[in-house]
Amino acid sequence: MSKPTVVPQDLSLPSIANIKADETMFGHFLDWLGKIAVNLVVAAIILVVTFWAAGWLAGVAKRALGRVHRTNPDPTLESFVSSLVRYAIVAIGLVAVLQQLGVQATSIIAVLGAASLAIGLALQGALSNVAAGVMILLFRPYRVGDVIETATRQGTVKSLDLLFTEISTPDNVKVMIPNSKVFGDVILNYSTHRTRRADVLFKVPLKTDLVLVLQKMRERAENDPRVRKEPAPMIEVTDLSEVFAQAAIRVWTAKEDFGPVKTDLMLAAHLWAEDPTRELPPPRKSNAPDPSPSMPGDKDHHLFKLRAPRKGRKSGPSSPQSPPKAG
């Protein structure tokens with residue numbers, strides 16, 4: 001029989017307890033990495049679905065409003081509500097992503113409550129833009145498609161967002177203006193009224209027959225189909241000097257014909273100031289969709305408006321009675 005091996009007394013062997021502890025820690029580390037990887041993947045999926053759902057629901061809201069206002073579409077309200085839905089869905093998705101990553105909703109609310117002052121100061125510009133957008137939506141100083149002018153830009157309104165108003169300038173440049181700057185400044189809306197007055201100032205040398213020039217200018221304005229008959233064209237002498245007489249002609253026309261009519265009158269005044277006997281081509285036809293006479297009047301640009309009376313309802317004491325039908 002072989003003799004047993006003698007183990008030296010100074011030989012140190014690894015402790016079985018230490019080996020088990022190391023294996024347990026490594027296993028916990030792998031589990032933690034696995035959970036983090038799963039949470040990151042799920043958070044990424046939630047984020048992708050959030051942005052997709054935000055765009056899809058914004059389109060659904062816009063189409064739903066379009067069906068509700070089918071007879072009287074309101075692109076301004078559709079654009080604003082779709083933007084509001086998009087931002088709301090994105091905010092909800094971001095909260096869900098934070099919760100998936102281990103941040104509890106109560107912690108988020110507590111942090112937001114503690115930092116409300118700092119967040120308010122940091123986002124005061126954005127919040128003022130949102131408030132201004134709501135005020136623009138309620139009072140409607142302009143709509144999508146209107147030609148407006150602010151203190152800095154002039155162009156056609158393309159969309160009203162939660163934070164910005166997008167306009168397109170006459171040279172086709174996209175301009176994004178914060179809602180607070182638009183609402184807090186003077187707004188000129190060239191599309192509200194159906195008619196506009198074109199004022200043309202011109203100078204006539206004293207050597208030219210002033211009375212003949214004024215007469216020909218009046219006749220041209222009265223014979224122009226783009227010029228409204230009521231109010232009638234008005235022409236007047238505004239200034240006299242030793243060299244020339246300054247006159248003005250003021251005519252009412254449709255907003256679509258404002259530019260062509262003003263250009264035509266300016267050119268005619270310039271040519272007749274040099275030679276009143278010169279023959280000019282006749283004025284062009286109107287470009288307005290409805291050339292019928294119409295005085296300037298405010299349209300209903302508010303979100304909340306009174307309902308129109310139904311047909312067949314008896315007129316009140318203050319409204320005129322309809323004439324009786326012939327038997």
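In what follows, every heavy atom counts, from backbone to side chain, and hydrogens, waters and symmetry copies are set aside. For clarity, every value in this text was computed on a predicted model and none was experimentally measured.
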- Message: Let's go through Leu94 and Thr50 carefully: what are the C-alpha distance in whole Å and the side-chain angles of both, what is the deciding distance for side-chain contact (heavy atoms from CB on, under 4.5 Å) to 0.1 Å, and is it a yes or a no?
- Response: CA-CA 8 Å; Leu94 291 179; Thr50 295; over 6 Å; no
Which residues satisfy the side-chain hydrogen bond (donor to acceptor under 3.5 Å, both in side chains) test with [X], sequence neighbours excluded?
X: Glu149; answer: Tyr190
X: Thr169; answer: Asp171
X: Thr238; answer: Gln246

- Message: If we ignore hydrogens and angles and just use 3.5 Å, is the side chain of Asp146 paired with the main-chain N or O of Arg143 as donor and acceptor?
- Response: yes
- Message: I'd like to know if the side chain of Lys255 reaches the main chain of Arg196, judged simply by a donor and an acceptor atom lying under 3.5 Å from each other, with no hydrogens or angles considered.
- Response: no
State, to 0.1 Å, how close [X] and [Y] come at their nearest heavy-atom pair, and which atoms those are.
X: Ser191; Y: Gly145; value: OG-O, 4.5 Å
X: Ala221; Y: Val251; value: CB-CG1, 3.9 Å
X: Ala198; Y: Phe258; value: CA-CE1, 3.6 Å
X: Trp272; Y: Arg278; value: NE1-O, 2.9 Å
X: Arg218; Y: Pro233; value: NH1-O, 3.5 Å
X: Ala254; Y: Arg228; value: CB-NH2, 3.3 Å

- May I ask you to test the Phe202-Leu265 pair for a side-chain heavy-atom distance under 4.5 Å? no
Are [X] and [Y] grouped together when hydrophobic residues (ILVMFWY) are joined by side-chain heavy atoms under 4.5 angstrom apart?
X: Tyr142; Y: Leu138; value: yes
X: Ile235; Y: Trp252; value: no
X: Phe244; Y: Leu201; value: no
X: Met217; Y: Val237; value: yes
X: Val97; Y: Leu40; value: yes

- Item | Results of side-chain contact (heavy atoms from CB on, under 4.5 Å) for Val81 - residues two or more places apart only | Ala61, Leu65, Leu77, Val85
- Residues passing the side-chain contact (heavy atoms from CB on, under 4.5 Å) test with Arg284, sequence neighbours excluded, are Arg226
- Whichever hydrophobic residues join Val48 through chains of side-chain contacts under 4.5 Å: none
- Query: Residues sharing Val49's hydrophobic cluster, by side-chain heavy-atom contacts under 4.5 Å among ILVMFWY, directly or via others?
  - Reply: Val41, Ile45
Sequence neighbours left out, cut at 3.5 Å: what donor-acceptor pairs do the side chains of residues 204-214 make with other protein atoms?
residue	atom	partner	partner atom	Å
Thr208	OG1	Ala273	O	3.0
Asp209	OD1	Val211	N	3.3
Asp209	OD1	Leu212	N	3.4

- dist Thr150:OG1 -> Ile177:CD1 (nearest 0.5 Å) comes out at 4.0 Å
Can I get a per-line list of side-chain donor-acceptor pairs under 3.5 Å for residues 155-163, giving both atom names and the distance, sequence neighbours left out?
residue	atom	partner	partner atom	Å
Ser159	OG	Glu166	OE1	3.3
Asp161	OD1	Ser83	OG	2.1

- Pairs where residues 259-275 contributes a residue and the test salt bridge (charged side-chain N to carboxylate O under 4.0 Å, His left out) is met, not counting sequence neighbours: Arg220-Asp264
- With sequence neighbours left out, which residue pairs that include part of residues 240-251 fulfil the salt bridge (charged side-chain N to carboxylate O under 4.0 Å, His left out) condition? Asp199-Arg250, Glu236-Arg250
- Just grab all the side chain to side chain donor-acceptor pair (under 3.5 Å) pairs involving residues 176-186, residues at least two apart or on different chains. Asn129-Ser180, Thr165-Asn179
- Task: Please indicate whether Lys62 has more than 12 foreign heavy atoms, meaning atoms of other residues, nucleotides or ligands, lying under 6.0 Å from its NZ.
- Result: no
